[in-house]
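Presented below is the structure to which this report refers.
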Amino acid sequence: MASRYDRAITVFSPDGHLFQVEYAQEAVKKGSTVVGIRGTNIVVLGVEKKSVAKLQDERTVRKICALDDHVCMAFAGLTADARVIINRAQVECQSHKLTVEDSVTIEYITRFIATLKQKYTQSNGRRPFGISALIVGFDDDGIPRLYQTDPSGTYHAWKANAIGRSAKTVREFLEKNYSEDAVSNDSEAIKLAIRALLEVVQSGGKNIELAIIRRNQPLKAFTNPSLCGYLEVLRSLHRPIFSDFAIRRNT
Amino acid sequence: MRKNAGPLPSGRGFRFHFLPRGWPDRRCAGTMALLELCGARRGRRPGWAAPAVGGARSSDLGHYGFSARARELAFPRAVQPAEFSAPPGGDGERNVRIELAHGTTTLAFKFQHGVIVAVDSRATAGSYISTVGINKVIEINPYLLGTMSGCAADCQYWERLLAKECRLYYLRNGERISVSAASKLLANMVSQYRGLGLSMGSMICGWDKKGPGLYYVNEEGTRLSGHLFSTGSGNTYAYGVLDSGHRPDLSPEEAYDLGRRAVVYATHRDSYSGGVVNMYHMKEDGWVKVESTDVSDLLYQYQEASQ
């Protein structure tokens with residue numbers, strides 16, 4: 001029955017489903033996990049990096065991207081679709097700055113991305129974008145924000161969320177362990193993100209990439225992070241230890 | 001597509017109204033896709049091509065461009081618009097001496113308690129006073145005002161369009177538009193028609209998160225932020241009075257008096273300005289209309305006071 005209603009996505013099925021959108025959400029569930037945490041003074045994005053082939057240059061696989069100085073986004077799902085959305089969002093950030101003489105608010109750029117995704121669920125000949133995105137940043141008023149969008153074009157604000165493979169497990173972990181106190185400290189928020197990812201990441205440390213934004217500071221990315229303090233925490237939790245660490249600043 | 005309509009006289013000049021160029025893109029995206037599917041030939045003009053994602057026409061997410069990317073009007077192709085729309089008697093080309101002069105005096109200045117806006121109320125067509133009591137200030141919202149000088153039709157149309165965009169901005173984003181953004185929208189809208197014969201000198205005044213704001217925008221797309229502006233045929237007289245009396249630390253009463261005097265003395269010397277002084281005060285919690293006083297009465301008062 002379902003197969004008769006997923007050719008042209010503009011048609012509803014008899015029971016009110018848009019199957020192409022639901023299939024897109026399945027594609028998202030196949031993507032590697034992303035976790036986002038909104039602290040009091042910091043926002044954190046952590047992604048599980050898929051292992052790359054031996055000869056592949058690791059640096060060309062970027063799951064976390066800056067949309068502007070104060071906003072960044074990570075996605076789960078089809079990388080190529082994400083690239084298109086990120087390009088459009090980056091242009092819109094600058095366009096907004098040019099026309100309104102103010103940086104975008106996180107809610108505005110999320111709404112833009114969500115509207116773009118929705119347009120593709122209502123045009124014939126096009127399929128939905130196969131990504132969910134977590135968008136984080138600080139507004140001009142200094143308030144941290146975390147938003148999630150999905151292929152249907154809806155968006156919601158979250159205190160902490162996960163998308164991609166095993167998102168449910170990570171979300172349950174976050175529900176148990178997230179509290180306003182726990183994330184009032186920057187390093188605690190980062191530790192929470194790492195611990196949440198370690199719930200589902202396969203071989204531990206090497207496959208985690210982290211990005212943080214502190215209030216009034218640019219995006220800082222950690223690939224194979226040197227998290228000296230966090231090492232102690234992780235050792236004490238009997239987790240596999242990280243190795244080959246280096247902080248890499250994002251320009 | 002419907003045929004071009006004939007000339008429609010409207011007020012000061014003739015304006016041809018055609019379907020806006022963006023029309024096929026915006027309305028027919030679905031039809032375009034169907035035509036593509038059937039292998040129908042694309043139209044002869046680039047404007048007919050189905051827009052690519054986020055294509056140049058940006059018909060997809062038009063409202064994010066604040067309608068500035070889609071033209072509201074269009075001009076006939078074969079005509080030189082500036083030449084066609086230029087008022088007769090311009091370069092002595094023809095022996096016609098009708099002067100469609102656009103007389104007015106408007107002014108606005110910032111001071112410690114906000115922004116004062118003062119305008120006259122005379123509208124002229126040549127040496128004929130067509131309206132004694134026109135309103136040259138458009139109240140966009142309780143925190144934004146726009147003044148008008150130049151061609152009345154142009155000012156009214158574009159500033160009302162600006163008011164629409166400001167309202168839409170508020171509805172979409174949940175907060176009021178900033179003065180800099182509003183003035184930018186107006187400047188962007190008119191600069192698309194640069195060289196096509198618009199005449200508009202406007203000051204956008206308001207109070208937003210960044211404090212009091214004052215911008216001057218004109219038909220060329222000039223947009224300037226400043227503390228003191230005056231536009232119109234009486235502006236030179238107004239500048240004389242303003243420059244000699246303006247200080248940032250004026251009290252509200254002193255500021256009202258300064259604005260009043262500037263307009264009155266400008267109307268005294270400039271024949272294209274007159275009527276009443278309409279004065280507004282932009283405060284932190286919105287604008288108030290201070291007064292609407294006849295300039296002749298004020299002039300006699302000043303003359304009596306100086307005797």
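Proteins get letters first, then strands, A, B, ... in listed order; numbering begins at 1 in each.
A:Val100 and B:Ala181 make their closest contact through CG1-CB, 3.5 Å (heavy atoms, listed as atom of the first residue, atom of the second, distance). Residues B:Lys184 and A:Leu98 share a closest heavy-atom pair of NZ-O, 2.7 Å. In terms of heavy-atom proximity, A:Arg111 sits nearest to B:Arg172 at NH1-O, 3.1 Å.
With a 6.0 Å radius and a threshold of 12 heavy atoms from other residues, nucleotides or ligands, A:Arg83 has its CZ atom at or below the threshold. At most 12 heavy atoms of other shown residues, nucleotides or ligands fall within 6.0 angstrom of atom NZ in A:Lys30.
Heavy atoms of B:Ser178 lying under 4.5 Å from chain A belong exclusively to its side chain.
Under 4.0 Å is where a charged nitrogen must lie from a carboxylate oxygen, and between B:Lys209 and A:Asp102 no such pair does.
Judged as a salt bridge (charged side-chain N to carboxylate O under 4.0 Å, His left out), and not counting sequence neighbours, the contacts of A:Lys29 are A:Glu26.
If you take OG on B:Ser225 and CD on A:Glu101, they are separated by 8.5 Å, rounding to the nearest 0.5 Å.
Sorted by first and then second residue, the side-chain hydrogen bond (donor to acceptor under 3.5 Å, both in side chains) pairs involving residues 135-146 of chain A (not counting sequence neighbours) are A:Asp139-A:Arg145.
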